[in-house]
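Predicted model only: the values in this text are computed from it and were never measured.
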Amino acid sequence: MSDFLPYAYLNGQFVPFSEAKISVATHALHYGTAALGGLRGLPNPANANEILLFRLEDHCQRLSRSAHYLGYELSMAQIKTTIIEWVQKNRPTVPFYIRPLVYTSGLGIAPRLHDVEKDFLIYGMPLGDYLSAEGVTCRISSWQRQCDRSFPLRGKLTTSYIVSALAKTEAVASGFDEAILLNTQGKVCEASGMNLFLVRDGQLITPSVDQDILEGITRRSVVELAQAAGVTVLERAVDRTELLIADEVFLTGTAARIVPVRRIETYTLPAQRPLTRQLQQQLQTIVTGRDPNYRHWLDIVPIA
Ligand code: PMP
């Protein structure tokens, strides 16, 4: 099982990954009553006995709130402590990805959130940095992002990923790398698993939190970095046609961090992307612990 880190956390215990098994009757598997997290860590390049975790408390807070939608009270502090213990148990030696999941773990049928057991599990895998220097091509998806009236979109509920999966597969099947989803109002929302930014006339623009987006942690980090650099950041509704005349478009998410967009449908974006490049470089410096001004975004976990 070399594709995964050696220990998982399941039913309140650390167990070898290969023994972390759940039943075919697990409620969440049938009804999508689960919520996930996803965060990155890496050995400190300056000290191999330390692991750097990017914005750990923000990730734990979002997962705690996602669990709340499921009627499962799991505090930010409980999640944080368990993730730190999990890291210390696994002692990763390469950059990695942590996948915590809260889910209805009881066995049996009937979709509901009451009278069903819940659990919190964690596993992880090595995940190197991949910076797509050339950028990705995107199509505007025929699938719409769900709307807040029918779905708790501020949580990372697993069920929402059916739309991400449909959109991503449609994009790849039609010759693009990635999908851009509109919301039910026809405004730009996000990509299949990343938030979206565009640059117009030196201003950075991103769909606001009332546009049915996931409140991405990388998104918030990019907004803060741009503002600190004196760039005007507008969080507002974005029209599809604005994308086609943008100076720069990029996507943000934990796994890929900042990914430039090279082409949208048949519209090729400019090859020069000064703000995207600046933010990419700055974020990379921060996550590797080399920017003292942003040390507070990192949790340092000793593993010696
Ligand atoms: N939107 C969706 C649907 C996602 O799954 C993700 C990845 N978690 C994001 C946006 C980006 O969020 P973050 O920067 O917190 O990873």
For the residue pair Tyr123 and Phe4, is the inter-centroid distance of their aromatic rings smaller than 6.0 Å? yes
Okay, side chain of Arg273, backbone of Gly135: is any donor-acceptor separation there less than 3.5 Å? no
Distance alone, cut at 3.5 Å: any donor-acceptor contact between the side chains of Thr218 and Thr252? no
Are Glu178 and Thr137 linked by a side-chain donor-acceptor pair shorter than 3.5 Å? no
What I want to find out is whether Lys187 reaches Asp212 closely enough, with some N-O distance under 4.0 Å, to be called a salt bridge. no
Results of salt bridge (Lys or Arg N to Asp or Glu O under 4.0 Å) for Glu117 - residues two or more places apart only: none
Near-ring test Tyr72/His68, centroid separation under 6.0 angstrom: no
Are any of the side-chain nitrogens in Glu265 or Arg240 under 4.0 Å away from the carboxylate oxygens of its partner? no
If the threshold is 4.0 Å, N to carboxylate O, is there a salt bridge linking Glu215 and Arg220? no
Taking everything shown except Glu73 itself, do over 12 heavy atoms lie less than 6.0 Å from its CD? yes
Do we see a donor-acceptor contact under 3.5 Å between the side chains of Asp210 and Ser208? yes
Between Glu242 and Arg200, does at least one N-O distance fall below 4.0 Å, as a salt bridge requires? yes
If you measure from the Lys or Arg side-chain nitrogens to the Asp or Glu carboxylate oxygens, is any gap between Arg219 and Glu235 under 4.0 Å? yes
Assess, by modelled atom type and distance only, whether the side chains of Ser75 and Gln78 contain a donor and an acceptor separated by less than 3.5 Å. yes
Considering only distance and modelled atom types, tabulate donor-acceptor pairs under 3.5 Å from the side chains of residues 221-232, sequence neighbours left out.
residue, atom, partner, partner atom, Å
Ser221, OG, Arg55, NH1, 2.8
Ser221, OG, Ile217, O, 2.8

Between Lys168 (side chain) and Asp177 (backbone), is there a donor-acceptor pair under 3.5 Å? yes
Taking the six-membered ring for Trp, are Tyr9 and Phe14 ring centroids under 6.0 Å apart? yes
